[in-house]
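Numbering of ligands and ligand atoms starts at 1, following listing order.
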Amino acid sequence: MMGKTALVTGSSRGIGAAAARALAADGWELTVHYHRSQDAALALAAELGVPALEADVTDPAQVTALFDAVGPLDLLVCNAGVAQYGLLTDTDEDAWRQVLAVNTDGAYRCCRAAIPHMVRRKAGSIILVSSVWGLYGASCEAAYSASKAALIGLTKALCKELGPSGIRVNCVCPGVIDTDMLAQFDQADRQALADETPLGRIGTAQDVAELIAFLASDRASFITGQAIGCDGGFGL
Ligand code: NAP
């Protein structure tokens, strides 16, 4: 592996925390990032023996301060995200903007902050966490689906823009994954989602973390510009 420094946004909980653990096990020098879940982030940081830093990715000044504190990165995982449920006609301007502000603008901001160092060193890797809904769309999740589809476009554009500088950019598209993001689903909903999945179960954060760790590694050195599902076949 060429470089070793990594930041996983939204690594206080869920997929981000699992990715942080997997990357740390692979030898990456990590920074844990959080917004509201300070206790969980500090506990993970203590477990891994790494720093934890707070920033709201919707705030440009906080993102700048975060990247100034972290320093040059070899790997950026843009994982911080929020879900929003409801008919589009019930989604007001504020709700729409909040989803895009975290999921899409946050990723834009973090990429923009990380890229100059990577270009200077002609090396690096970026992984964006999209969703199967970014590929297929979900009823009653229009804002979320749009925010995640944007990340797939961003991945493909950055692949072309940064490939000549030796930087790989990929996107992971998790299916239904058992994290706090599923909190509004009851047991019957979860069973229905599992039944819709060819592999017959909901995924785990670890399932997605393994894909992220692979894409981050030198084993994926010729893989860029891809949007790769981790979904048990969901959506096919
Ligand atoms: P989660 O358990 O709800 O965790 C979300 C993470 O994002 C938390 O660490 C949270 O930090 C962070 N975050 C939220 N708003 C933020 C903000 N404004 N600034 C900075 N960080 C912020 O969700 P998850 O399921 O692990 O999701 C992780 C990623 O996977 C998201 O992008 C999500 O869209 C995507 N995904 C999830 C699923 C699924 O089924 N779970 C499926 C497809 C894609 P704090 O808690 O510290 O505030």
Side-chain angles (χ1 to χ4, degrees), residues 7-22 30-45 52-67 70 76-85 95 97-110 113 127-138 141 143-152 154-155 171-185 189-190 193-194 196-197 201-209 211-212 227-232 234-235:
L7 172 69
V8 182
T9 69
S11 39
S12 47
R13 297 184 283 125
I15 291 168
R21 285 194 178 92
L30 266 186
T31 298
V32 168
H33 160 259
Y34 66 99
H35 177 30
R36 294 203 171 93
S37 304
Q38 184 179 49
D39 290 349
L42 294 182
L44 178 61
L53 294 172
E54 193 275 334
D56 179 350
V57 297
T58 69
D59 181 335
Q62 290 188 38
V63 172
T64 300
L66 170 69
F67 281 80
V70 169
L76 169 65
V77 182
C78 291
N79 166 80
V82 290
Q84 190 261 342
Y85 304 93
R97 293 209 180 289
Q98 179 60 17
V99 174
L100 271 86
V102 178
N103 296 358
T104 310
D105 301 356
Y108 146 76
R109 236 165 246 134
C110 292
I127 299 170
L128 304 179
V129 180
S130 177
S131 166
V132 284
W133 299 144
L135 289 167
Y136 309 127
E141 291 191 65
Y144 183 78
S145 299
S147 74
K148 292 298 184 176
L151 296 185
I152 296 171
L154 180 62
T155 298
C171 183
V172 300
C173 298
V176 183
I177 307 297
D178 190 9
T179 70
D180 296 342
M181 203 168 261
L182 292 197
Q184 89 290 352
F185 292 115
D189 293 332
R190 286 162 167 263
L193 289 164
E196 271 183 66
T197 304
R201 67 171 175 89
I202 286 174
T204 65
Q206 186 63 28
D207 289 327
V208 185
L211 175 58
I212 290 172
I228 302 177
C230 183
D231 59 9
F234 190 85

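Of all protein heavy atoms, the one lying nearest to atom 25 (O) of ligand 1 is Thr179 OG1, 2.5 Å. Atom 13 (N) of ligand 1 has Ala80 CB, 3.9 Å as its closest protein atom, hydrogens excluded (heavy atom only). Regarding atom 23 (O) of ligand 1, its nearest protein heavy-atom neighbour is Met181 CE, 3.6 Å. Protein heavy atom at the shortest distance from atom 1 (P) of ligand 1 is Arg13 NH1, 3.6 Å. What sits closest to atom 40 (O) of ligand 1 on the protein, heavy atoms only, is Ile177 N, 2.9 Å. Of the protein's heavy atoms, Asn79 O, 3.1 Å lies nearest to atom 31 (C) of ligand 1. For atom 43 (C) of ligand 1, the closest non-hydrogen atom of the protein is Pro174 O, 3.3 Å. Protein heavy atom at the shortest distance from atom 7 (O) of ligand 1 is Gly81 N, 3.3 Å.
By the 4.5 Å heavy-atom criterion applied to side chains, Cys230 and Val208 are counted as neighbours. With contacts defined as side-chain heavy-atom distances shorter than 4.5 Å, the pair Val77/Val129 qualifies. Contact of the Arg109 side chain with the Val57 side chain is not registered, since no non-hydrogen atoms from C-beta on lie closer than 4.5 Å. Side-chain contact between Lys148 and Asn103 is present, with heavy atoms from C-beta onward closer than 4.5 Å. Residues Ile202 and Phe185 are not in side-chain contact: their nearest non-hydrogen atoms beyond the backbone lie 4.5 Å or more apart. A 4.5 Å side-chain heavy-atom check between Val102 and Thr58 finds at least one atom pair inside the cut-off. Counting heavy atoms from C-beta on, the side chains of Glu141 and Gln84 never come closer than 4.5 Å. With contacts defined as side-chain heavy-atom distances shorter than 4.5 Å, the pair Ile15/Val172 does not qualify.
Without hydrogens or angle criteria, His33 side chain to Leu7 main chain gives no donor-acceptor distance under 3.5 Å. Of the possible polar contacts, one joining the Asn79 side chain to the Thr9 backbone as a donor-acceptor pair under 3.5 Å is found. Remark: side-chain polar atoms of Arg13 are not paired, donor with acceptor, to backbone N or O of Ala40 under 3.5 angstrom. Ser131 places no side-chain N or O within donor-acceptor distance of the main-chain N or O of Cys173, the cut-off being under 3.5 Å.
Nearest approach of Thr179 to Ala205, heavy atoms of both residues: CG2-CB, 4.5 Å. The nearest pair of heavy atoms linking Ala19 to Val8 is CB-CG1, 4.4 Å. Of all heavy-atom pairs spanning Phe234 and Tyr136, the tightest one is O-CE1, 3.8 Å.
Counting heavy atoms only, Tyr144 comes closest to atom 35 (C) of ligand 1 of the residues Tyr144, Phe234, Phe185. For atom 37 (C) of ligand 1, the nearest non-hydrogen atom from the set Ile15, Asp231, Leu151 comes from Ile15. Nearest residue to atom 6 (C) of ligand 1 from Gly10, Gly14, Ser131 is Gly10 (criterion: closest heavy atom).
Under a 4.0 Å criterion applied to the non-hydrogen atoms of Ser37, ligand 1 contributes the atoms 45 (P), 46 (O), 47 (O), 48 (O). Close approach to Arg36 involves these atoms of ligand 1, each under 4.0 Å from a residue heavy atom: 45 (P), 47 (O), 48 (O). Close approach of ligand 1 to Lys148 (heavy-atom distance below 4.0 Å) involves ligand atoms 31 (C), 32 (O), 33 (C), 34 (O).
The residue Ala17 has no part lying near ligand 1, judged by heavy-atom distances below 4.0 Å. Counting heavy atoms closer than 4.0 Å to ligand 1, residue Ala55 contributes backbone atoms (N, CA, C, O) but none from C-beta onward. Counting heavy atoms under 4.0 Å from ligand 1, residue Val82 touches it through the side chain alone.
The closest approach between any non-hydrogen atom of Glu54 and ligand 1 is not below 4.0 Å. For the ligand labelled ligand 1, residue Ala41 lies outside the 4.0 Å heavy-atom shell. For the ligand labelled ligand 1, residue Gly175 lies inside the 4.0 Å heavy-atom shell.
Not one N or O of Val132 is nearer than 3.5 Å to an N or O of ligand 1, by distance alone. Any N or O atom pair closer than 3.5 Å counts here, and Asp56 shares at least one such pair with ligand 1. The shortest N or O to N or O distance between Tyr34 and ligand 1 is not under 3.5 Å. Of the polar atoms of Gly16, none of the N or O atoms is found under 3.5 Å from an N or O of ligand 1, judged by distance alone. On a distance-only criterion, Ser12 and ligand 1 share at least one N/O pair closer than 3.5 Å. Considering backbone and side-chain N/O atoms, His33 never comes within less than 3.5 Å of an N/O atom of ligand 1.
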